[in-house]
Every structure is written in C-alpha cells, then in structure tokens.
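Residue numbers begin at 1 in each chain, while the letters A, B, ... track the order of the sequences.
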2 protein chains.
Amino acid sequence: MLIVFKYLLTDLPFIDFSFVTMKKNTKKERFFAESLKLIHEKGFKATTMRDIASKLNFEVANVYNYIDSKNALLETFLFGMQDEFHDSLDEILDSSYDPKEKMHLVVSSYIQITSKRPYEQALLVNEWRNLKAPKLQEFIQRRKEYENKIKILFQEGVDNNQFENIDVEIATATILAALRWLYKKYIDSTIKINSLEIEKQLTRLIFNGISSN
Amino acid sequence: MLIVFKYLLTDLPFIDFSFVTMKKNTKKERFFAESLKLIHEKGFKATTMRDIASKLNFEVANVYNYIDSKNALLETFLFGMQDEFHDSLDEILDSSYDPKEKMHLVVSSYIQITSKRPYEQALLVNEWRNLKAPKLQEFIQRRKEYENKIKILFQEGVDNNQFENIDVEIATATILAALRWLYKKYIDSTIKINSLEIEKQLTRLIFNGISSN
DNA sequence: GTCTATAATTCGATAGAC
DNA sequence: GTCTATCGAATTATAGAC
C-alpha cells in the first residue's frame, strides 16, 4: 500500500525563514543564506564571525548589523526549523486518518520539509549541541515532545494491528533515523532530486524493510 | 527468518583501545576514559584541555604527558573505532554466506561493537568533522569505502532476489542510519540492555519494516 | 551600513624547575 | 609525572568615527 496525500503537503504552514531557497534580494537574506551554508560546512563552533564577514566581503563588525550574537544566529535556524516540523506533525495528528495513514503522512511531510530546507535540517541534526544553557534545554524538551508524539502514533498502530509489535522506543528511533540522514542527499547531489521517488523508496523501507516477499 | 551467528561475534579482532570497558588501573587508561566521556558530553571543540585536566585533578601541562596534541586525541578514538568496524565487515564479506545472511551478520556485529564501545561510537558519529586537513580526508575516504562495501552487498542481495529492488544508495544510507543512533541507548539507559533483544528488534525493522502481515 | 581599533577573554601548547 | 608561569594566537563583541 502506498498512498500519497499531496494536498496536505502543499498546505503546510509557511514560515518565512527559508534563506536558501528564497531569492537573495536583500542583503539580510544573503547574510542568513551564506551564514547557514558556512555553518553547515565548517560546523558552528569552527565558523567564526570573520569567516562570515569574509564570505560577504565586509568587516567583522558588520555582522552585528544583522544579529545580536553568534548564538542568536544558531537559535534562529534551529527553532525556526523545529517549529516547522512540529506544526506539520500536529496537523497530521489532528486529522482523522488511521495510524498507518498518519505515519505515511509523517514520512511524506518530513521529506517535503527536508527537501525545502536541507541546510537548516543539517543544522537541526548536527549543530543543536552548540545551543547555550536555557535554549539548549528548551530545544531538547521540544524534540522529546516530537519523538513522544511519534511513539504514541506508533503504539496506536500496534494496538490497531497495523504495525508489528516492536519495542516503541526502538521503532521510533529507527524511523526518525531513517529520515534524518536525507538532507545529505539534497545538499550533496548534483542532479535534480525527485522527492516523490525518494518518498516511495523510503516509505517502502520503513514499512516493509529490505527483504523481498 | 532470524539467524544469529554468535560464534563470529566473539571472534572479532581485538583492538586494545577500549578505555571505557577496561578496568581503569593505570593513569593512562583513566586519562583516555575520562577524556572520551568529556568529549562526548561537551563536544570536541567545547572540551578544553583545562576541562580534561580538571576532571583528572591535575594541571593542564600534564595532559601532554599522555598525548601530543588535542587533535591526536580525537584521531586515536576515531581511527581505532573505524578500524574495528572495517575489520569486522571484511571478515563477514570474506565468508561464504549468501548476501542476506551476510547482511544479518553486519547488523549483528555492528550492534556488538556499539554495545562494547558506545562512547567511541558516539564520537565516530558526531565528532569526525573536527579532524584536521590530512586526517579528515583519510577518515572520509575510509568511511566511503565502508559504505561502498555495504552498497555492493545490498546489490548482490537484489540480484539474488533476496532484497527488494530499492535504490542502492537510499537503502544503504537507511540501513546505516538505523544502526548509527543505537549508541545513545547504551549511553543513556539506566537499566542493563539486552543486546540480543536489540538485535532481534532492529533486524526485524531493517528486514521487514514496521507494517504487520 | 561600513569602517578602524581594540577590549576582554579563552585556548592550545611550551619552558623549565622539582 | 607534576607543578608554576607564560607565550602567542584566535575569538566574540563593542566603541565610535564616517
């Protein structure tokens, strides 16, 4: 069974922090786009304000025209992206689909978001550890809530006999792990990627595994 | 089908860099064990030589009794761990099992190594980006070779009609992603973990997915 | 918005005595 | 092996002129 609910994907709430995919008209948009790429390539800690300034052909002090601090820059990317995933998940869970259909939708929307913001997703996966004291706990807390929602959804599917009776923690961690690597494909690939084909293959892997018959 | 080849797991080549699981008799062993944990918890860049010295209750200069540089410390952990995974994989691939049996063995040995060295595995997954110029390329090259071997193995299984005809890149990335998160469970969990049960569940997820029937 | 200049701190690493 | 002392470099961030 393979169902694609495209209508929902185009209805995803739009949050305006897509500095990469948007046309870089204003200097501010270009600042965030270049910063985002730099942080992805070098890592947050290894990316200095001088690196960013140099990339934009101006001096270090000018960086502070756009942001208050280096950490605020990271927070902007991470929490913006986290909001997007949460809003998308909540919309799916609030629908009347059954657990299996909902899980299909989760996979589908996850791929959709990743395809639109692969660099932000890379930061979400790799750089969240660099958040500072109050923001870090907030981030971890929200991520835990996200994972809990997936756990509950999976458990409903087990109770429903739509999913195999697998340990909920292991299943959830594995499903999310199967989705979290995908940003690499969108960033590294030289050719245009067909997200529908990705969705088909990843869905097959998550729901039916690699074994034939 | 669920086969566990335990004999092979106990035959894994032993590489003596297990600073965590070994009893910490000598000061050197304790130095590496505490450094490893610190780097995992704070991240490599955020962990200072002063942090390490403080943890071991001596002064910064003493750190250099054990290592030549901060980067050499990271290299020790990462390349030691990489060697272990490679040796284990090569031994499996050199056997006469069929592709599906070999893939079972890969999963099994991967879990085995992770369970023995969860902190080293955490560094292997999260901290390799901090390697410097010549070592970084070497690391990436070796990891690419590892992934290529898995790709080839999967393709053999497809040709063999044992695996579904899924895109090799996507399948390989997903299989490895399903294994790479596991170190967290061994580090975070308070209760003793049954690796055989983990193996059973993860194998089921990878080979048959979450769907029932 | 852009620059120069610099403050204030932190970090990796070394020298050299004991 | 352990210590004190310190160097030199790099970093975030700010002040203030244009």
Side-chain angles (χ1 to χ4, degrees), chain A residues 19 24-79 123 126-136, chain B residues 19 22-79 123 126-136:
Chain A
F19 311 108
K24 298 148 201 169
N25 286 335
T26 73
K27 290 198 171 189
K28 185 162 185 166
E29 283 165 354
R30 209 174 101 76
F31 168 80
F32 280 103
E34 297 293 348
S35 299
L36 177 59
K37 282 193 180 181
L38 265 180
I39 293 174
H40 162 66
E41 288 162 7
K42 306 189 65 171
F44 177 72
K45 274 234 156 61
T47 303
T48 68
M49 300 309 230
R50 282 167 179 78
D51 289 333
I52 296 176
S54 170
K55 189 87 171 184
L56 295 163
N57 287 324
F58 55 52
E59 297 303 313
V60 196
N62 292 13
V63 171
Y64 295 90
N65 291 334
Y66 303 103
I67 51 167
D68 290 335
S69 70
K70 192 187 173 188
N71 263 61
L73 179 61
L74 183 63
E75 293 161 12
T76 301
F77 290 127
L78 295 191
F79 285 99
L123 262 57
N126 297 316
E127 305 296 340
W128 61 269
R129 291 164 185 267
N130 296 302
L131 288 170
K132 297 288 181 186
K135 295 288 181 180
L136 176 61
Chain B
F19 311 110
M22 282 180 65
K23 51 208 171 310
K24 298 149 198 167
N25 285 335
T26 73
K27 290 200 170 186
K28 185 162 186 167
E29 282 163 355
R30 207 174 103 77
F31 167 81
F32 281 103
E34 297 293 347
S35 299
L36 178 59
K37 282 193 178 181
L38 264 179
I39 294 174
H40 162 65
E41 288 161 8
K42 307 190 63 172
F44 177 72
K45 275 232 156 61
T47 304
T48 68
M49 300 308 231
R50 284 165 178 81
D51 289 334
I52 296 175
S54 171
K55 189 87 172 186
L56 295 163
N57 286 323
F58 55 52
E59 298 304 312
V60 197
N62 292 12
V63 171
Y64 295 89
N65 291 334
Y66 304 103
I67 50 168
D68 290 335
S69 70
K70 192 187 174 189
N71 265 66
L73 179 60
L74 183 63
E75 292 161 12
T76 302
F77 290 126
L78 295 191
F79 286 100
L123 262 56
N126 297 316
E127 305 297 339
W128 61 269
R129 294 163 185 266
N130 296 302
L131 288 170
K132 298 287 180 186
K135 294 288 181 179
L136 176 61

Worksheet entry | Separation of B:Glu34 CD from B:Asn57 CG (nearest 0.5 Å) | 10.0 Å
Discussion item. Side chains of A:Arg129 and A:Phe44, heavy atoms from C-beta outward: is any pair under 4.5 Å?
Written reply: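 Side-chain contact under 4.5 Å: no.
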Worksheet item: Separation of B:Ile67 atom CD1 from C:dT14 atom C1', in whole Å?
Response: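 It works out to 14 Å between those atoms.
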Item to complete: Figure out the CG/P separation between B:Asn65 and D:dC3, and round it to whole Å.
Response: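 To the nearest whole Å, that distance equals 10 Å.
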Discussion item. With a 4.5 Å cut-off on side-chain heavy atoms, are A:Asn62 and A:Phe31 touching?
Written reply: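 Not in contact.
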Item to complete: Output yes when B:Lys37 and B:Glu41 qualify as a salt bridge under the 4.0 Å nitrogen-oxygen rule, no when they do not.
Response: no
Worksheet item: Can you check the B:Tyr66 OH to C:dA13 C1' distance for me, whole Å?
Response: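 Distance, rounded to whole Å: 17 Å.
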Worksheet item: Are more than 12 heavy atoms from other residues, nucleotides or ligands located less than 6.0 Å from atom NZ of A:Lys55?
Response: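 Not more than 12 within 6.0 Å, no.
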Fill in: Non-hydrogen atoms of A:Met49 and A:Ser69 that approach each other most closely
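So the minimum-distance heavy-atom pair works out to CE-C, 4.2 Å.
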Worksheet item: Bend across the helix from C:dG1-D:dC18 to C:dC18-D:dG1, to 10°, with axes taken over 5 pairs at each end?
Response: 0°
Worksheet item: Can you tell me how far CD1 of A:Ile39 sits from CZ of A:Phe32, rounded to the nearest 0.5 angstrom?
Response: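 Going from CZ on A:Phe32 over to CD1 on A:Ile39, the span is 10.0 Å.
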Discussion item. What is the separation between atom CG on A:Asn62 and atom P on C:dC3, rounded to the nearest whole Å?
Written reply: 5 Å
Item to complete: For the residue pair A:Asp51 and A:Ser54, confirm or rule out a side-chain donor-acceptor distance under 3.5 Å.
Response: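 On atom types as modelled, these side chains do not qualify, holding no pair under 3.5 Å.
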Worksheet item: How close or far is atom C1' of D:dC3 from atom CD of B:Glu59, stated in whole angstroms?
Response: 7 Å
Practice prompt. Quick one: label B:Phe31 by what it contacts on the DNA or RNA (base, sugar-phosphate, nothing), any heavy atom closer than 4.0 Å.
Written response: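 Nothing: the residue B:Phe31, judged by heavy atoms under 4.0 Å, touches no strand.
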Worksheet item: Less than 4.5 Å apart, any side-chain heavy atom of A:Tyr66 and any of A:Lys27?
Response: yes
Fill in: Between P of C:dC11 and CG of B:Leu38, the distance in whole Å
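In whole Å, C:dC11 P and B:Leu38 CG are 13 Å from each other.
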Polar pairs (N or O, both sides) under 3.5 Å between protein and nucleotides 12-14 of chain D?
| unit_1 | atom_1 | unit_2 | atom_2 | d |
| --- | --- | --- | --- | --- |
| D:dT12 | OP1 | A:Lys70 | NZ | 3.1 |
| D:dT12 | OP2 | A:Met49 | N | 3.1 |
| D:dA13 | OP2 | A:Tyr64 | OH | 3.0 |
| D:dA13 | OP2 | A:Lys70 | N | 2.9 |
| D:dA13 | O5' | A:Tyr64 | OH | 3.4 |

Fill in: Interatomic distance, A:Leu56 CG vs C:dT2 C1' [rounded to whole Å]
13 Å
Worksheet item: Does B:Lys27 put a side-chain nitrogen or oxygen below 4.0 Å from OP1 or OP2 of D:dT2?
Response: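 Looking at the OP1 and OP2 atoms of D:dT2, one of them is under 4.0 Å from a side-chain N or O of B:Lys27.
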